[in-house]
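Some notes on the structure that comes next.
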Number of protein chains: 2
Amino acid sequence: MDTNKNPMLFLDNQLCFALYASAREVTKLYRPFLDELGLTYTQYVTLLVLWEKDELPVKSLGEKLYLDSGTLTPLLKKLEAAGHVRRDRDPQDERSVIVRLTEQGHALREKVEGLPAKVFCQTDMPPEEIEKLRDQLQDLTRTINKYAACKP
Amino acid sequence: MDTNKNPMLFLDNQLCFALYASAREVTKLYRPFLDELGLTYTQYVTLLVLWEKDELPVKSLGEKLYLDSGTLTPLLKKLEAAGHVRRDRDPQDERSVIVRLTEQGHALREKVEGLPAKVFCQTDMPPEEIEKLRDQLQDLTRTINKYAACKP
DNA sequence: TAAAACTAGATCGTATACAATTTAATTTTA
DNA sequence: TAAAATTAAATTGTATACGATCTAGTTTTA
């Protein structure tokens with residue numbers, strides 16, 4: 001009946017919590033820099049996608065970011081209000097909304113060029129380890145996402 | 001001027017995004033099980049802490065979970081309303097609020113015993129890899145947190 | 001081809017996260 | 001020891017996340 005009997009439930013034994021906590025802590029490292037640009041972290045990663053490939057439907061953004069329209073619609077409206085993107089219905093398929101960078105949105109890219117490097121510095125992690133970790137996490141995310149897709 | 005010039009900004013090269021996405025996907029694996037118990041993921045990890053060591057001030061809970069009172073206070077009120085915990089001011093230091101499991105809160109523990117194992121199954125990851133990953137992430141979190149602490 | 005099924009976004013409701021401020025209690029210090 | 005500084009929670013405001021539902025547009029199919 002002792003609480004110490006099941007280490008499976010110890011907080012520090014949970015991968016899920018290690019992920020949950022580290023994701024939030026790493027995000028916090030971006031905040032001071034993003035604050036200056038008036039961006040939130042989620043807005044920032046959304047822009048990363050668009051800088052890589054512009055003119056994407058909300059659907060595609062959602063697939064890349066693992067976010068749904070409930071999160072993206074209000075976020076994209078804010079990016080639009082800030083002048084970074086435009087949102088237009090796709091004339092080919094009026095159900096779809098195409099998100100495009102404005103000039104201003106394109107220009108913003110230069111201001112964050114150095115950001116990832118600045119953050120890496122604060123992690124005290126060798127680049128190879130960071131890459132390995134990143135790749136493992138990507139595998140994990142894809143595996144889970146595939147699992148979820150085949151379920152009803 | 002080509003957008004492909006700076007791979008530092010590619011979404012898939014970001015550790016931060018790998019963390020952000022995987023944390024959310026893993027959390028989603030817990031949802032169906034936790035839904036049955038009427039718990040959210042954050043409530044669940046809060047209970048993990050209390051099952052390990054009962055009678056903790058909000059402050060300590062926050063340190064273990066990397067959450068502040070702005071998140072914990074409403075969450076703990078919900079756990080209290082659900083009958084899982086009690087919240088009482090510490091008579092020794094009235095600033096502090098001690099969180100205690102109720103009988104019901106203790107009993108809930110048995111219902112989640114098998115949960116971590118069930119989730120691991122869906123990750124297709126060998127246990128050693130999971131442990132290594134978890135330990136790396138814990139190091140990362142602690143490093144960042146220490147960094148943040150010495151800043152003004 | 002008209003109804004049924006499906007799809008993409010938008011909307012709504014709930015629950016975090018977290019910075020900033022406030023309040024009350026405790027410690028420090030001049 | 002009384003004022004100043006510190007501390008722990010609570011509160012407030014903003015921005016996600018995400019399930020569920022709704023709406024409008026597109027495809028399928030009987």
Side-chain angles (χ1 to χ4, degrees), chain A residues 17 19-32 34-36 38-46 56-63 65-82 87-99 145 148 151-152, chain B residues 17 19-32 34-36 38-46 56-63 65-82 87-99 145 148 151-152:
Chain A
F17 179 72
L19 282 166
Y20 167 73
S22 59
R24 285 184 294 120
E25 290 300 306
V26 170
T27 300
K28 270 182 220 171
L29 290 180
Y30 283 80
R31 208 176 304 267
L34 294 177
D35 274 352
E36 286 181 39
L39 292 175
T40 64
Y41 179 76
T42 316
Q43 289 168 9
Y44 165 69
V45 291
T46 303
L56 285 174
V58 175
K59 183 84 204 295
S60 305
L61 277 172
E63 280 164 4
L65 297 168
Y66 300 93
L67 291 170
D68 69 7
S69 68
T71 301
L72 283 175
T73 297
L75 182 146
L76 292 168
K77 283 182 180 175
K78 277 166 209 158
L79 283 180
E80 188 177 40
R87 296 155 62 246
D88 305 289
R89 288 279 163 187
D90 182 349
Q92 255 66 57
D93 183 343
E94 289 278 346
R95 289 171 303 180
S96 198
V97 166
I98 309 289
V99 183
N145 204 248
K151 271 199 190 167
Chain B
F17 179 72
L19 282 166
Y20 166 73
S22 59
R24 285 185 294 119
E25 290 300 306
V26 170
T27 300
K28 269 183 220 170
L29 291 179
Y30 283 80
R31 208 175 305 267
L34 294 176
D35 275 352
E36 286 181 40
L39 292 174
T40 64
Y41 179 75
T42 315
Q43 289 168 7
Y44 165 70
V45 292
T46 303
L56 285 173
V58 175
K59 183 85 204 295
S60 305
L61 276 172
E63 280 165 3
L65 297 168
Y66 300 92
L67 292 171
D68 69 7
S69 67
T71 302
L72 283 175
T73 296
L75 182 147
L76 291 168
K77 283 182 181 176
K78 277 165 210 158
L79 283 180
E80 187 178 40
R87 296 156 62 247
D88 306 289
R89 289 278 162 186
D90 182 350
Q92 255 66 58
D93 184 344
E94 288 278 347
R95 289 172 302 181
S96 198
V97 166
I98 309 290
V99 184
N145 204 248
K151 271 199 189 165

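Since the model is a prediction, treat every value here as computed from it, not as a measurement. Quick note on labels: first sequence line is chain A, next is B, and so on, each numbered from 1.
For the pair R24(B) CZ and dC18(D) C1', the interatomic distance rounds to 10 Å; values are reported in whole Å. Look at OH on Y44(A): it is 15 Å from P on dT16(D), rounded to the nearest Å. Rounded to whole Å, the distance from CG on L39(A) to C1' on dA15(D) is 13 Å. The distance between atom CG of D35(B) and atom P of dC18(D), rounded to the nearest whole Å, is 13 Å. One can place CG of L29(B) at 12 Å from P of dC18(D), the figure rounded to the nearest angstrom. One can place CD of E94(A) at 14 Å from C1' of dT23(D), the figure rounded to the nearest angstrom. K28(B) has its NZ atom 13 Å from the C1' atom of dT16(D), to the nearest Å. One can place CG of L61(A) at 14 Å from P of dT16(D), the figure rounded to the nearest angstrom.
Under the side chain to side chain donor-acceptor pair (under 3.5 Å) criterion, D93(A) pairs with R95(A), not counting sequence neighbours. For K28(A), the side chain to side chain donor-acceptor pair (under 3.5 Å) partners are E25(A), not counting sequence neighbours.
Note: E80(A) CD to L75(A) CG = 12.0 Å, rounded to the nearest 0.5 Å. L61(B) CG to Y66(B) OH: the interatomic distance, rounded to the nearest 0.5 Å, is 14.0 Å. One distance of note links CZ of R89(B) with OG of S96(B); it measures 8.0 Å at 0.5 Å rounding.
Ring-plane geometry between Y41(B) and Y20(A) is classed as perpendicular, the angle between the planes exceeding 60 degrees on a 0 to 90 degree scale with a lower cut at 30.
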Per-nucleotide protein contact along nucleotides 2-15 of chain C, 5' to 3', at a 4.0 Å heavy-atom cut-off (B base, S sugar-phosphate only, - neither), is -----BSBBB---S
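Contact between the side-chain N/O atoms of Y41(B) and the OP1/OP2 oxygens of dA17(D) is not found at any separation under 4.0 Å. One finds no side-chain N or O of Y66(A) lying less than 4.0 angstrom from the OP1 or OP2 phosphate oxygen of dC18(D).
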